[in-house]
A.B. asks: 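Dropping the structure in here first, questions after.
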Amino acid sequence: MTEQELIEGILNHDRKAVQSLVDLHQKTVIKTAFYFVDNMHDAEDLSQEVFIEIIRSIGKYQGKASLKTWIYRITVNKSLDFIRKRKRIDFVHRLESLFSFRVDGDDSYIKEPGMTDDRVSDRETGLIIEKAVATLPENQRVAFVLNKYDELSYKAISEIMNISLSSVESLIHRAKMNLQKKLVTHFSEYSIRKD
C-alpha cells in the first residue's frame, strides 16, 4: 500500500488502512514516546493517543513532509504534552523512584557508582545520564533524543521540529555542552576519589 493509498484509506475509515498504519509505525511511536516519558506503560498509552490523533487529523496532513515525519511530530508533541500535564510533585516522585535504589525497603540508598558490581554501576550510570537528559531545556531535549536515541538525521529533525537545519545543529551542540557540564560535575567526584 502506497503512502497516498494509506492516507486515503484512513480518510475513508478503512480498517485495513488503519491496521496498516499501526503495523508500520507502532514500534517507532512507542520507542520515541518511551524516550520522553521513561515508562513503557505510559509510552504504550501515548501511542494509542498518537494513532487516534493521526486518524482524527489526517485530513489536515498537507504532505509537505513525509507521513513518517508528521507522525514523529505528533508523537513528540503528545509526549511533551504528557510531561507538561503531570503534576510537578508526581514528576519529582517519579524521578526519585527512577534514580534511586532502596535497600530492603528502607530509606538508605545503594552507595556511589563503582562501589557495587558492574551491572548496578552501569545501570546507575545510565540512569544518571537519563536524568541529565531530562533536565535539558525542552527544544534541546527533543533534538538530542531524536538524534541520539532515534538516530534521526539533522534534516529529519528539522522537519519534525519545523526549524532550520542550523537551529537543529545549534540545539544539539548546546544539549551536548549542557550534558557535559552536568555529567562532568557529577562524575568528577568519582574520578578524583582515592581508593
A.B. asks: Rounded at 0.5 Å granularity, tell me how far CD in E130 sits from CG in D38.
C.D. replies: 5.0 Å
A.B. asks: The test is side chain to side chain contact (heavy atoms under 4.5 Å, CB included); show your working for K155 and V168 and say whether it passes.
C.D. replies: CA-CA 8 Å; K155 184 178 185 315; V168 171; over 6 Å; no
A.B. asks: With a 4.5 Å heavy-atom cut-off, do I128 and K182 have their side chains touching?
C.D. replies: no
A.B. asks: Charged N to carboxylate O below 4.0 Å: is that the case for R84 and D81?
C.D. replies: yes
A.B. asks: State, yes or no, whether a side-chain contact exists between S167 and N139 at a heavy-atom distance under 4.5 Å.
C.D. replies: no
A.B. asks: Can you see which heavy atom on T32 is nearest to which on F36, and at what distance?
C.D. replies: O-CD1, 3.2 Å
A.B. asks: Kindly give the heavy-atom pair with the smallest separation between A33 and S79, and that separation in Å.
C.D. replies: CA-OG, 3.5 Å
A.B. asks: Determine whether a donor-acceptor pair (N or O, by modelled atom type, separation under 3.5 Å) exists between the side chain of S20 and the backbone of A17.
C.D. replies: no
A.B. asks: Are I157 and I172 close enough that some pair of their side-chain heavy atoms sits under 4.5 Å apart?
C.D. replies: yes
A.B. asks: Would you check if L171 and M161 make a side-chain contact, meaning some heavy-atom pair closer than 4.5 Å?
C.D. replies: yes
A.B. asks: D23 and side chain to side chain contact (heavy atoms under 4.5 Å, CB included): which partner among K27, Q19, H25?
C.D. replies: Q19
A.B. asks: Looking only at heavy atoms, what is the nearest atom pair of Y35 and D150, with distance?
C.D. replies: CE1-OD1, 3.3 Å
A.B. asks: Working to the nearest 0.5 angstrom, can you tell me the gap between L152 CG and T69 OG1?
C.D. replies: 8.0 Å
A.B. asks: Going from CD1 on I52 to OG on S57, what distance comes out if it is rounded to the nearest 0.5 angstrom?
C.D. replies: 11.5 Å
A.B. asks: I'd like to know if L146 and Y149 are part of one continuous hydrophobic network [Ile/Leu/Val/Met/Phe/Trp/Tyr, side-chain heavy atoms within less than 4.5 Å].
C.D. replies: yes
A.B. asks: Looking at NZ of K78 and OG1 of T75, how far apart are the two atoms once the value is rounded to the nearest 0.5 Å?
C.D. replies: 10.0 Å
A.B. asks: How far does NE2 of H41 sit from CG of L46, to the nearest 0.5 angstrom?
C.D. replies: 10.0 Å
A.B. asks: Which heavy-atom pair separates Q140 from L136 by the least distance, and what is that distance?
C.D. replies: OE1-CD2, 3.8 Å
A.B. asks: Looking only at heavy atoms, which two atoms of N178 and P137 are closest? And how far apart?
C.D. replies: ND2-CD, 4.2 Å
A.B. asks: Is it true that M177 and Y154 fall in one hydrophobic cluster, defined by side-chain heavy atoms closer than 4.5 Å?
C.D. replies: no
A.B. asks: Going by ring-ring contact (aromatic ring centres under 6.0 Å, His included), name the residues that satisfy it together with F144, two or more places apart in sequence or in a different chain.
C.D. replies: none
A.B. asks: What's in the same ILVMFWY side-chain cluster as V18, cut-off under 4.5 Å, chained through other members?
C.D. replies: M1, L6, I7, I10, L11, L21, V22, L24, V29, V50, F51, I54, I55, I58, Y61, L67, W70, I71, I74
A.B. asks: Mind listing the closest non-hydrogen atom pair of R141 and V133 along with its distance?
C.D. replies: CD-O, 3.4 Å
A.B. asks: To the nearest 0.5 Å, what is the distance between CG (N77) and CD (E49)?
C.D. replies: 12.5 Å
A.B. asks: With a 3.5 Å cut-off and no angle check, do the side chains of Q4 and E8 form a donor-acceptor pair?
C.D. replies: yes
